[in-house]
2 protein chains.
Amino acid sequence: MNLSMNNVGLADAPSAEEATRFHGVLAKLQLDPLTSEPFYQQLKRQIHNLIDSGELAAGSNLPSERMLAEALNVSRTTIKRCYNDLREAQVLSTHGRGGTQIQAKPNAGVSANRLKGFAEDMRERGMVPSSQLLSQEVVQDRMIASIFDCPSVNTFLRLVRVRLGDGIPLAREVAWYDLTLAPHMGLGLHILARQMPA
Amino acid sequence: MNLSMNNVGLADAPSAEEATRFHGVLAKLQLDPLTSEPFYQQLKRQIHNLIDSGELAAGSNLPSERMLAEALNVSRTTIKRCYNDLREAQVLSTHGRGGTQIQAKPNAGVSANRLKGFAEDMRERGMVPSSQLLSQEVVQDRMIASIFDCPSVNTFLRLVRVRLGDGIPLAREVAWYDLTLAPHMGLGLHILARQMPA
DNA sequence: AAGTGGTCTAGACCACGCA
DNA sequence: GCGTGGTCTAGACCACTTC
């Protein structure tokens, strides 16, 4: 068998030196095997919280997947699942050999978060997002048309919905979709356009 | 060793019978080991295409992870990664022993899509979502408070933003976030609450 | 009760980017 | 070139839902 790779077996050499670098982080990450919450979820939540609270600064490095796996005594796959989810959520980023880095600012407010959807934001925070449609109608509205800088004859889909996190109403949204540009939005609707009152 | 589970080793009994059920699906799924595109990506793409084209009808079943893995001669983990991604995108759903089912209609309209965020919806359609913040302010508003069924002294974050797909403005949204319930939304903002004009 | 997906393990090889 | 993340394997146990 040509196991010609990986210096597994070099003892705990890396831990000894590098552990100090991540001492602060490692001390704050703990897994509870008794709860029903999966390991990777616990980690996601804890890391996200550390970032939100500023204990993990933007731009700083997280332990490598292998290192954290060894430190927490879980498999690399579990760490990877956590890191991957956070990478997908653009909370972490990867830099070749540079490892995994924190991308979001500690307290990135709404201005940054609004690049993500509400649902995505909620899921990152470990909440279950849902949505309740209050009304939907196809309208013509000159004011909105002017905002979009398009002919005032364009029709818009007007949506009002409540956004919930864990079943609790957190936001109310009113949205106008330009049906000329996004016709798929109107699919399945059987509502005739009507004139919007001024 | 107490390998007291899984009838692995019962030969290809399941395949023989069940393969006919999924004959159409299995015949259309093929993995190319030569391309650089990962297996799970190839599968995601192919399954998504089959759904879009209507060859896989909404509500119908997909082969179980184990079965598809065996049929394509890959590990269950690889199939799972594909299925999981599609589940997260709400394209597939899971039903206990019932297996994995196709959830989205080929061209589901807004009424279904509004359970997802704008960004997610865009990404599924292969467009690049972005957002432009027009205004953000912390306000008190009795009308909104009554909608949320909460004390009228609660403060809200009022956002106006334009949603873009591939750089084209597709929607305008006005959102009110209840800062009492979602304080993290206001982090990083230095805007004093002001009274909302009636 | 049988089979499903959910989670986790312990390994392996690869491409790529810093050092 | 070395360590990183990316992909993949072959297995295991569990909770849960449907049969």
Side-chain angles (χ1 to χ4, degrees), chain A residues 1-10 13-15 17-18 21-22 31-44 61-70 72-88 92-103, chain B residues 1-10 13-15 17-18 21-22 31-44 61-70 72-88 92-103:
Chain A
M1 299 188 209
N2 50 352
L3 303 184
S4 57
M5 59 182 323
N6 290 352
N7 52 353
V8 177
L10 276 194
S15 301
E17 178 198 351
E18 293 289 316
R21 242 183 93 197
F22 297 109
L31 295 178
D32 177 5
L34 299 179
T35 182
S36 67
E37 189 182 22
F39 286 165
Y40 76 93
Q41 278 283 4
Q42 295 184 40
L43 276 179
K44 274 172 64 176
N61 272 272
L62 252 53
S64 78
E65 297 179 349
R66 288 170 176 87
M67 194 184 308
L68 185 54
E70 192 182 345
L72 296 180
N73 205 30
V74 296
S75 84
R76 183 186 158 206
T77 312
T78 299
I79 303 297
K80 168 172 286 304
R81 186 159 179 184
C82 163
Y83 276 21
N84 273 349
D85 282 3
L86 294 175
R87 280 190 266 256
E88 194 176 352
L92 302 181
S93 60
T94 168
H95 290 93
R97 192 188 165 177
T100 298
Q101 209 170 87
I102 293 165
Q103 191 157 55
Chain B
M1 297 185 195
N2 53 350
L3 303 183
S4 58
M5 59 184 319
N6 291 349
N7 54 353
V8 176
L10 277 192
S15 301
E17 180 197 350
E18 294 288 317
R21 244 183 91 196
F22 298 107
L31 295 179
D32 177 5
L34 299 180
T35 182
S36 68
E37 188 181 25
F39 287 165
Y40 76 93
Q41 277 284 4
Q42 296 183 39
L43 277 178
K44 274 173 65 176
N61 272 272
L62 251 52
S64 78
E65 296 178 349
R66 287 170 176 86
M67 193 183 309
L68 186 53
E70 194 182 345
L72 296 181
N73 206 31
V74 296
S75 85
R76 183 185 159 208
T77 313
T78 300
I79 304 297
K80 168 172 287 305
R81 187 159 179 186
C82 163
Y83 276 21
N84 274 348
D85 282 3
L86 294 176
R87 284 183 193 114
E88 195 177 350
L92 302 180
S93 61
T94 170
H95 292 92
R97 193 188 165 178
T100 298
Q101 210 170 88
I102 292 164
Q103 190 157 57

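Below, read A as the first sequence line, B as the second, and so on, with proteins coming before strands; counting in each chain starts at 1.
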**Student:** Within this structure, what is the CG-NZ distance for the pair B:Leu92 and B:Lys44, rounded to the nearest 0.5 Å?
**Tutor:**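 So the gap between those two atoms works out to 11.0 Å.
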**Student:** Looking at A:Thr100, does any N or O in its side chain come under 4.0 Å of the phosphate oxygens OP1/OP2 on D:dT4?
**Tutor:**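 No.
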**Student:** Verify the contact: side-chain N or O of B:Ser64 to OP1 or OP2 of C:dT4, cut-off strictly under 4.0 Å; return yes or no.
**Tutor:** yes
**Student:** Please report the distance, rounded to the nearest Å, between CG in B:Leu62 and C1' in C:dG3.
**Tutor:** 16 Å
**Student:** Let me spell it out: for each of A:Glu37 and A:His95, pick the nucleotide of DNA chain C with the closest heavy atom. Which residue's pick is nearer the 5' end?
**Tutor:**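 By nearest-heavy-atom nucleotide position, the 5'-most residue is A:Glu37.
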**Student:** Measuring to OP1 and OP2 of C:dG5, would you say a side-chain N or O of B:Asn84 lies under 4.0 angstrom away?
**Tutor:** no
**Student:** To the nearest Å, how far apart are A:Leu34 CG and C:dT7 C1'?
**Tutor:**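 From A:Leu34 CG to C:dT7 C1': 16 Å.
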**Student:** A:Ser75 has a side chain; which of C:dT7, C:dT9, D:dG6 sits nearest to it?
**Tutor:** C:dT9
**Student:** Tell me: CG of B:Leu72 to P of D:dC8, nearest whole Å?
**Tutor:**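 It is 12 Å, rounded to the nearest whole Å.
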**Student:** Distance criterion of 3.5 Å, no angle test: do you see the side chain of B:Thr77 paired donor-to-acceptor with the base of D:dA10?
**Tutor:** yes
**Student:** Output the single nucleotide from D:dT9, C:dT9, D:dG5 whose closest atom is nearest the side chain of A:Arg66.
**Tutor:**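 Closest nucleotide to the A:Arg66 side chain: D:dG5.
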**Student:** So, OP1 or OP2 of D:dG6: does either fall under 4.0 Å of a side-chain N or O from A:Lys80?
**Tutor:**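 Yes, such a contact exists.
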**Student:** Atom CD1 of A:Ile79 and atom C1' of D:dT4: how far apart are they, to the nearest Å?
**Tutor:**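 Between C1' of D:dT4 and CD1 of A:Ile79: 15 Å.
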**Student:** I'd like to know whether B:Cys82 forms a side chain to side chain contact (heavy atoms under 4.5 Å, CB included) with B:Ile79, so could you lay out the CA-CA distance, the side-chain angles of the two residues, the decisive distance to 0.1 Å, and finally the verdict.
**Tutor:** CA-CA 5 Å; B:Cys82 163; B:Ile79 304 297; 5.6 Å; no
**Student:** Do any side-chain nitrogens or oxygens of A:Arg87 fall under 4.0 Å of OP1 or OP2 in D:dG6?
**Tutor:** yes
**Student:** Quickly work out the A:Lys44 NZ to C:dT7 P distance and round it to whole Å.
**Tutor:** 10 Å
**Student:** Taking N and O atoms by type only, does the side chain of A:Arg81 place a donor or acceptor under 3.5 Å from a partner on the base of C:dG6?
**Tutor:**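 Side chain to base: no pair present.
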**Student:** Expressed in angstrom and rounded to an integer, what is the separation of A:Glu65 atom CD from C:dC16 atom P?
**Tutor:**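 Atom CD in A:Glu65 sits about 17 Å away from atom P in C:dC16.
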**Student:** To the nearest Å, give me how far apart CG (A:Leu92) and C1' (D:dT4) are.
**Tutor:** 14 Å
**Student:** Starting at CG of A:Asp32 and ending at P of C:dC8, how long is that distance when rounded to a whole Å?
**Tutor:** 12 Å
**Student:** At less than 4.0 Å, is any side-chain N or O atom of B:Tyr40 found next to OP1 or OP2 of D:dC8? Yes or no.
**Tutor:** no
**Student:** We want to know whether B:Asn84 and B:Arg87 form a side-chain donor-acceptor pair, criterion being a heavy-atom distance below 3.5 angstrom.
**Tutor:**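 Result is yes, a qualifying pair exists.
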**Student:** 5'-most contact on DNA chain D: B:Arg97 or A:Gly96, nearest heavy atom basis?
**Tutor:**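 Nearest-nucleotide comparison on DNA chain D picks A:Gly96.
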**Student:** Against B:Tyr83, only a single residue in B:Leu68, B:Thr94, B:Leu43 fulfils side-chain contact (heavy atoms from CB on, under 4.5 Å); can you say which?
**Tutor:**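 For B:Tyr83, the side-chain contact (heavy atoms from CB on, under 4.5 Å) test succeeds with only one of B:Leu68, B:Thr94, B:Leu43, which is B:Leu68.
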**Student:** Between C:dT9, C:dG6, D:dT7, which nucleotide gets closest to the side-chain atoms of A:Arg76?
**Tutor:** D:dT7
**Student:** Check whether more than 12 heavy atoms from other residues, nucleotides or ligands sit under 6.0 Å from atom CG of A:Asn73, and answer yes or no.
**Tutor:**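 Count not over threshold, so no.
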**Student:** Supply the atom-to-atom distance B:Arg81 CZ to A:Arg81 CZ, rounded to the nearest 0.5 angstrom.
**Tutor:**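 The CZ atom of B:Arg81 sits 11.0 Å away from the CZ atom of A:Arg81.
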